[in-house]
Amino acid sequence: MNKKIMLCAINSLSCGICDEDCAYCTQNIKSKTQIKRYKIKDENQVVNEAKIAKANHALGFCLVTSGAALDDEKTEKVASIARAVKKEVPDLMLIACNGIATKEQLKELRDAGVFSYNHNLETSQNFFKNICSTHTWEDRFLTNLNAKEVGLELCCGGIYGLGESEDDRISFRKSLKELNPFSSPINFFMKADGLGIDVPELSVDEAFEIIKQSVADLPETRIMVAGGREKILKERQYDIFDYGVAAIVLGDYLTAKGEDISDDIKELKKRGFDFLTQCH
């Protein structure tokens, strides 16, 4: 019997339009990283990109906007795009990633066909102040509670390798367990020109220990490896499945290049994986 893996694709609906100072993000207001900056994409373009994702075996399709929070206008636009994608590609599992959100805004996304809300805690409650000053960890936690309350599943994880301690990592995973997300992305920090964080990159062994502990600490959650898979794990990136990883991000990330999609598909098939076509 073949093994099953969930593939998710990220669609950056808008990029680089942000007043937040999250130190790990190339879109932050202080970043000097050269990236493309644009407002909300045309709906038809997103639908076409959703069809491409589906053709490449993606189940999850994440609609991401830049900026700290949803407002009524952005909520309406994301909901409209979600309805259009759901109409044309009904088998995709829609994930919305649009920052801090109220219950009313999240209900609108839910009613438009969104399955889960992605709002990462990023790190521990104690360490968060070291990487962001323009909003709080508590803002993020509350948004996840709001999403659960209106019936959305959660996609909630974070980023490792920012200079946090082992105690921070343990505390972070305890907070994730409290939320009990449907899926939890692990991102490994990747250095980029123009970012202020200057810490040693995680070693391969350290990255695998983080994966191992995440799988152990969140037994009811689908652990996903996202940003940094290629850069940090290098030739061992596909060994993640030996540690219980259940999902990966396919293709590019928000502003960073990912593995070539055809290479991922070829390697996963070679290793005996089938691709999930439904989430339950």
Side-chain angles (χ1 to χ4, degrees), residues 4-10 22 24-25 58-64 93-101 106 114-128 131 137-149 151-162 164 166-190 202 206-229 232-233 237 239-250 253-254 258 276 279-280:
K4 300 283 188 180
I5 188 73
M6 184 171 78
L7 303 181
C8 292
I10 294 173
C22 307
Y24 53 85
C25 181
L59 172 59
F61 190 66
C62 191
L63 304 172
V64 187
M93 184 181 82
L94 294 187
I95 306 154
C97 178
N98 313 119
I100 295 161
L106 292 163
V114 169
F115 170 80
S116 71
Y117 199 70
N118 172 215
H119 196 50
N120 292 335
L121 296 181
E122 302 302 9
T123 189
S124 73
Q125 185 174 14
N126 184 61
F127 189 74
F128 188 82
I131 58 169
W137 184 95
E138 290 78 10
D139 292 332
R140 288 175 173 265
F141 195 86
L142 179 59
T143 290
N144 280 284
L145 293 179
N146 287 342
K148 286 191 76 168
E149 190 166 330
L152 288 167
E153 295 287 348
L154 296 184
C155 175
C156 184
I159 184 164
Y160 288 89
L162 299 170
E164 75 281 356
E166 184 59 32
D167 284 345
D168 286 315
R169 294 173 184 177
I170 293 168
S171 172
F172 165 54
R173 289 192 292 267
K174 283 182 179 177
S175 297
L176 288 176
K177 187 170 184 178
E178 186 178 341
L179 290 170
N180 191 28
F182 171 83
S183 59
S184 185
I186 294 173
N187 296 280
F188 301 119
F189 177 63
M190 296 178 284
L202 292 170
E206 193 174 9
F208 276 114
E209 184 61 26
I210 287 166
I211 292 170
K212 180 181 175 182
Q213 289 302 320
S214 297
V215 170
D217 292 344
L218 299 165
E220 298 178 5
T221 295
R222 292 155 182 81
I223 300 299
M224 174 191 299
V225 174
R229 168 167 63 97
I232 302 300
L233 299 177
Q237 62 173 293
D239 292 351
I240 59 176
F241 306 111
D242 297 335
Y243 291 79
V245 169
I248 60 170
V249 170
L250 191 69
Y253 305 101
L254 293 178
L276 284 178
C279 57
H280 293 297

Closest heavy-atom pair and its distance - C156, L176: O-CD2, 3.5 Å
Full working for side chain to side chain contact (heavy atoms under 4.5 Å, CB included) between L145 and L179: CA-CA 7 Å; L145 293 179; L179 290 170; 3.8 Å; yes
For the student: nearest non-hydrogen atoms of L63 and N98, plus distance: O-ND2, 3.2 Å
I need the minimum non-hydrogen distance between A147 and L154, along with the two atoms involved. CB-CD2, 3.6 Å
One should read off an interatomic distance between N144 CG and I100 CD1, to the nearest 0.5 angstrom, of 11.0 Å
With heavy-atom distances below 4.5 Å as the criterion, would you say the side chains of I248 and F241 are in contact? yes
dist L59:CG -> L7:CG (nearest 0.5 Å) comes out at 8.5 Å
Value for CZ (F128) from CG (L162), rounded to nearest 0.5 Å, stands at 10.5 Å
Answer yes or no: is there a side-chain heavy-atom contact under 4.5 Å between V64 and N118? no
Y117 side chain to G99 main-chain N or O, any donor-acceptor pair under 3.5 Å? yes
Tell me whether W137 contacts the main-chain N or O of T123 through its side chain, where contact means a donor paired with an acceptor under 3.5 Å. yes
Under the side chain to side chain contact (heavy atoms under 4.5 Å, CB included) criterion, do F172 and F127 qualify, and how do the steps go? CA-CA 9 Å; F172 165 54; F127 189 74; over 6 Å; no
So, taking the atom named CD1 in I223 and the one named CE in M6, what distance separates them when rounded to the nearest 0.5 Å? 10.5 Å
Do you know which two heavy atoms are closest between C62 and C97, and how far apart they sit? SG-CB, 3.7 Å
How close do G60 and I95 get, counting heavy atoms only, and between which atoms? CA-CD1, 4.1 Å
Measure the shortest side-chain to side-chain distance between L142 and N146 over non-hydrogen atoms and say whether it is less than 4.5 angstrom. yes
Would you indicate whether E220, at its atom CD, is surrounded by more than 12 heavy atoms from other residues, nucleotides or ligands within a distance under 6.0 Å? no
Could you check if a side-chain atom of I210 sits within less than 4.5 angstrom of a side-chain atom of L202, using non-hydrogen atoms only? yes
Please check if the side chain of R229 supplies one atom and the backbone of V249 the other of a donor-acceptor pair under 3.5 Å. yes
Just by modelled atom types, is the G158 backbone N or O under 3.5 Å from a matching donor or acceptor in the N187 side chain? yes
For I232 and A207, the nearest pair of non-hydrogen atoms, with its separation, is CG2-CB, 4.1 Å
Keeping the roles fixed (side chain from R140, backbone from H119), state whether a donor-acceptor pair exists under 3.5 Å. no
Whether S183 side chain and R222 backbone form a donor-acceptor pair below 3.5 Å: no
Salt-bridge present (R169, E206; N to O < 4.0 Å): yes
Are E178 and F141 packed together at the side-chain level, in the sense that at least one heavy-atom pair is separated by less than 4.5 angstrom? yes
Is there a side-chain contact between V114 and L152 in this structure, where contact means two heavy atoms from C-beta onward sitting under 4.5 Å apart? yes
Are I240 and F208 close enough that some pair of their side-chain heavy atoms sits under 4.5 Å apart? yes
Atom OG in S214, atom CD in E209: separation rounded to 0.5 Å? 9.5 Å
Could you walk me through whether V245 and I186 pass the side chain to side chain contact (heavy atoms under 4.5 Å, CB included) check? CA-CA 10 Å; V245 169; I186 294 173; 5.9 Å; no
Has K148 got more than 12 heavy atoms of other residues, nucleotides or ligands less than 6.0 Å from its NZ? yes
Just how far is it from atom CZ of R173 to atom CG of L218, taken to the nearest 0.5 Å? 8.0 Å
Go through it in stages, so that I can follow the logic: the residues are S124 and E164, the test is side chain to side chain contact (heavy atoms under 4.5 Å, CB included), and I'd like the CA-CA distance, side-chain angles, deciding distance and then a yes or no. CA-CA 8 Å; S124 73; E164 75 281 356; 6.0 Å; no
Is a donor on one side and an acceptor on the other found under 3.5 Å between the side chain of D217 and the backbone of I170? no
